[in-house]
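Lettering follows sequence order; numbering is per chain, from 1. Values below: all heavy atoms of this structure, side chains included; hydrogens, waters and symmetry mates excluded.
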Protein chains: 2
Amino acid sequence: MDSGTAVRRSNRSSVLEQLLSGREIDRQELVAATGLSQATVFRVVSELLESRILVEGPTITRAGRGRNATSVRFNGEIALACGVDLGGTNCRLVLTDALGRTIARRNYRTRHDVDARGFGEWLGSCVRELVEQDGANATLGAVTVGLPGAVAGDKTRVVGSQNLPQIRGPEFLVALRGSLDAPVNIDNDSNLALLGELRYGSVPPTETTVLLILGTGLSAAVAMDGEILSGAQGLLGELGRLPLLGREQRLRDLLSGAGLAGYGRSLGYTLDTTAEVFAQPQRFGPLVADSRAAFTHLIDIVALAYEPASILVTGGFSESFTDDWFADTRARLRDLVGVDSVIQRSTLGAAAGLLGAMAHALSHLHIGLGALGALSATVGPGRDEILERFRSYSPETLASGV
Amino acid sequence: MDSGTAVRRSNRSSVLEQLLSGREIDRQELVAATGLSQATVFRVVSELLESRILVEGPTITRAGRGRNATSVRFNGEIALACGVDLGGTNCRLVLTDALGRTIARRNYRTRHDVDARGFGEWLGSCVRELVEQDGANATLGAVTVGLPGAVAGDKTRVVGSQNLPQIRGPEFLVALRGSLDAPVNIDNDSNLALLGELRYGSVPPTETTVLLILGTGLSAAVAMDGEILSGAQGLLGELGRLPLLGREQRLRDLLSGAGLAGYGRSLGYTLDTTAEVFAQPQRFGPLVADSRAAFTHLIDIVALAYEPASILVTGGFSESFTDDWFADTRARLRDLVGVDSVIQRSTLGAAAGLLGAMAHALSHLHIGLGALGALSATVGPGRDEILERFRSYSPETLASGV
DNA sequence: CGAATAAAGTTCAGCCTGAGAGGAATTATG
DNA sequence: CATAATTCCTCTCAGGCTGAACTTTATTCG
């Protein structure tokens with residue numbers, strides 16, 4: 001599979017990358033698109049047909065005389081990819097073919113009654129079950145799991161996790177890998193959500209983008225030049241931990257559900273959810289003002305730290321802020337700080353993490369098949385088609401299964 | 001010069017990169033170091049000897065019997081590189097050979113009496129004069145200028161500058177390029193100072209490193225994986241602009257010479273320099289406390305934004321902080337925030353900017369000669385040798401010339 | 001002085017690409 | 001319906017490059 005010289009692999013990759021969109025392309029178009037010679041394209045294509053990575057497509061009849069071209073297309077059935085969005089309460093799985101076409105989705109309650117090893121084996125069995133039931137005997141080629149925790153920069157281990165302490169350390173990952181006969185990759189759920197936004201969302205994939213996740217906690221992910229930044233201990237972007245200047249609180253105490261609720265109670269307010277805080281600003285005046293000021297501060301920080309073209313905001317807590325407030329914040333940022341970043345709500349919302357895990361698994365699958373630069377390639381169904389498939393992807397529908 | 005196929009260029013580059021250290025290396029060692037075959041190394045070396053990029057070195061006699069190897073070395077005289085550190089008051093130039101060996105240094109007062117075009121031509125004439133007087137008829141192969149201003153991410157234009165408004169816009173760069181017969185590159189002085197620290201300082205060049213420059217103003221530069229981050233408008237890292245939460249001031253108002261002096265006066269203090277503030281903490285108590293708290297906050301922000309292995313601190317204002325204070329701040333950062341970054345004073349100090357400009361020019365020179373990955377290569381004299389040459393590089397000696 | 005050894009060169013087969021010739025399929029045209 | 005025109009596909013071949021093996025040259029040691 002990885003035979004041949006570097007030149008050969010590179011040419012093979014050039015051809016494959018053209019076909020990862022899933023389109024049916026004839027050889028002449030491949031010659032034009034890759035810049036390779038006819039002979040090379042023909043040989044690479046016949047090799048790929050031989051190894052069943054490509055399949056013959058229909059003949060293409062063009063206007064005018066001349067022989068008809070026969071197209072080829074990427075063989076989606078060659079392998080499966082599985083993306084997993086592992087959360088504190090729910091565990092979401094999606095199985096796709098090699099072209100990123102959704103085959104099946106599952107939703108489980110995350111188990112809390114087993115140790116690290118048992119948890120890894122349980123997650124592995126969830127994936128295996130999905131593949132066996134819906135995979136139509138195709139082999140699983142790549143699995144990527146998004147985790148609610150800090151993942152080391154080399155992606156080899158989970159350094160820490162608030163919600164799922166059992167995934168910390170090597171045991172979980174060893175057990176998971178041991179129970180699956182496919183390459184398993186992990187990353188932080190925020191990072192994968194950002195990958196999802198870059199691949200299937202509405203931001204240009206190579207522009208600097210920051211994803212702010214204001215949910216139960218507060219975290220951020222950053223991408224520059226199509227690469228997602230990561231730190232040695234996975235703490236890069238964990239701005240929720242930031243102590244505020246001259247105050248006892250941290251940023252997450254003012255900008256997350258759990259944080260603001262706790263802070264409110266410490267001030268003597270009685271409240272159940274933070275939604276009511278923003279619904280009754282006259283009653284919770286100081287809390288609302290504090291939270292808004294903290295949001296402004298967070299935007300200032302990420303604007304100057306990363307100078308992003310876009311700042312995407314997502315997570316349940318972020319719904320407390322209106323679009324008008326985003327626009328005001330952007331104007332203030334531009335005038336006061338000098339950075340002009342678009343501040344907008346994420347288009348994918350809760351689906352981003354799962355879509356990112358899926359995109360990551362797909363990329364690794366394609367690299368395994370010989371597409372070297374697959375990490376940044378446009379893969380499979382277009383954005384609109386994907387969004388249509390994940391249209392129903394809201395927390396409510398998820399809780400009730402697919 | 002750029003002839004041959006991609007494979008050929010790559011092999012040529014592998015060989016060249018080994019020789020950029022300036023060491024005399026025999027062909028067998030090149031074979032071992034590059035992993036290429038003897039035949040390839042011999043052909044590449046004889047081509048490079050032909051084009052005078054390499055020259056024959058002495059024969060190397062090893063213990064034991066056998067024919068002696070004849071070494072080759074990079075021909076330092078093949079071209080010149082010029083680094084320029086353009087400041088608001090001083091303009092420093094260094095001319096080196098292709099191996100980064102210092103040939104001459106100059107120091108001029110920065111002119112403020114000419115317009116953009118005149119300024120570019122003046123700077124060009126400074127470089128030309130240096131080359132003509134000390135260059136021994138070698139051709140100038142690359143020039144890099146570090147500027148006190150924001151440089152766009154594509155390095156094509158100066159977006160803004162406090163101290164030198166005349167360099168803003170395209171005219172200055174056009175005039176400078178027009179008056180020099182060599183490739184001219186520009187970058188922000190903070191970014192080049194960080195490059196200098198990575199190349200000749202005491203931090204590992206591929207680890208995430210943040211350079212904080214606390215001088216008249218406050219700015220930062222960031223490197224990850226050996227690459228220096230940059231934003232579209234050159235504002236990435238300009239954390240001095242950060243408005244503080246719940247206060248009127250910005251970070252630079254508490255952490256820079258000009259800022260703290262102005263802030264102190266606004267509070268009713270009479271002071272000339274900020275040095276006296278830290279010298280008399282009992283008299284300026286609130287100021288000192290504010291400034292220290294701001295430093296802690298800045299460290300918290302860069303730690304969570306970039307998760308650096310090292311935070312280097314430099315600039316005149318930073319001398320107000322003691323090494324003990326750095327150690328305390330690091331311990332607090334580790335315990336409270338969870339990020340363990342070394343906080344230390346820059347080893348190069350005021351020389352970093354010029355060394356970085358020189359390193360940048362050298363890299364571009366080497367790329368021009370065919371060393372593709374030269375941007376991250378270790379070049380020329382070792383760190384200790386460079387530091388010895390720039391030992392006298394303090395603001396005082398610079399003001400009085402070389 | 002000759003054998004041993006190590007490095008310097010040289011030759012050659014194999015791989016891969018790109019160019020081009022020629023065959024095959026298809027449509028336009030008389 | 002036959003022929004020309006056009007496009008797609010297949011095959012061959014020259015050229016460039018690499019790596020392995022071989023020869024040559026120089027030096028040391030017995």
Residue pair [X] / [Y], side-chain donor-acceptor N/O under 3.5 Å:
X	Y	answer
B:Gln38	B:Gln28	yes
B:Ser37	B:Thr40	yes
A:Glu17	A:Ser13	yes

Specify the separation, in whole Å, of atom [atom1] of [X] and atom [atom2] of [N].
X	N	atom1	atom2	result
A:Gln28	D:dT6	CD	P	16 Å
A:Glu29	D:dC9	CD	P	12 Å
B:Asp26	C:dA8	CG	C1'	11 Å
A:Glu47	C:dC15	CD	C1'	12 Å
A:Glu56	D:dC8	CD	C1'	13 Å
A:Phe42	C:dG20	CZ	C1'	14 Å
A:Leu30	D:dC9	CG	P	10 Å
B:Arg8	D:dG19	CZ	C1'	15 Å

Problem set entry | Closest-nucleotide ordering on DNA chain C, the 5'-leading residue of A:Gly35 and B:Arg27 | B:Arg27
Problem set entry | Under 4.0 Å protein heavy-atom contacts per nucleotide of nucleotides 23-30 of chain C, with B for base, S for backbone only and - for none | BBBBBSS-
Looking at [X], does any N or O in its side chain come under 4.0 Å of the phosphate oxygens OP1/OP2 on [N]?
X	N	answer
A:Arg43	C:dT17	yes
A:Ser37	C:dT17	no
B:Gln38	D:dC22	no

Seminar exercise, completed: Between A:Met358 and the options A:Leu195, A:Thr96, A:Leu192, the side chain to side chain contact (heavy atoms under 4.5 Å, CB included) test singles out A:Thr96
Exercise. Rounded to the nearest 0.5 Å, what separation is found between the OG1 atom of B:Thr59 and the CG atom of B:Asn68?
Worked result: 5.5 Å
Problem set entry | A:Met224 side, atom CE; A:Thr206 side, atom OG1 - distance, nearest 0.5 Å | 11.5 Å
Report, one line per pair, each donor and acceptor closer than 3.5 Å where one atom sits in a side chain of residues 70-80 of chain A; sequence neighbours left out.
residue : atom : partner : partner atom : Å
A:Thr70 : OG1  : A:Arg27 : NH1          : 3.0
A:Ser71 : OG   : A:Pro58 : O            : 2.7
A:Asn75 : OD1  : A:Glu77 : N            : 3.1
A:Asn75 : ND2  : A:Arg52 : O            : 2.9

Exercise. Looking for any heavy atom pair under 4.0 Å, which part of the strands does B:Ala69 touch: base, sugar-phosphate only, or nothing?
Worked result: sugar-phosphate
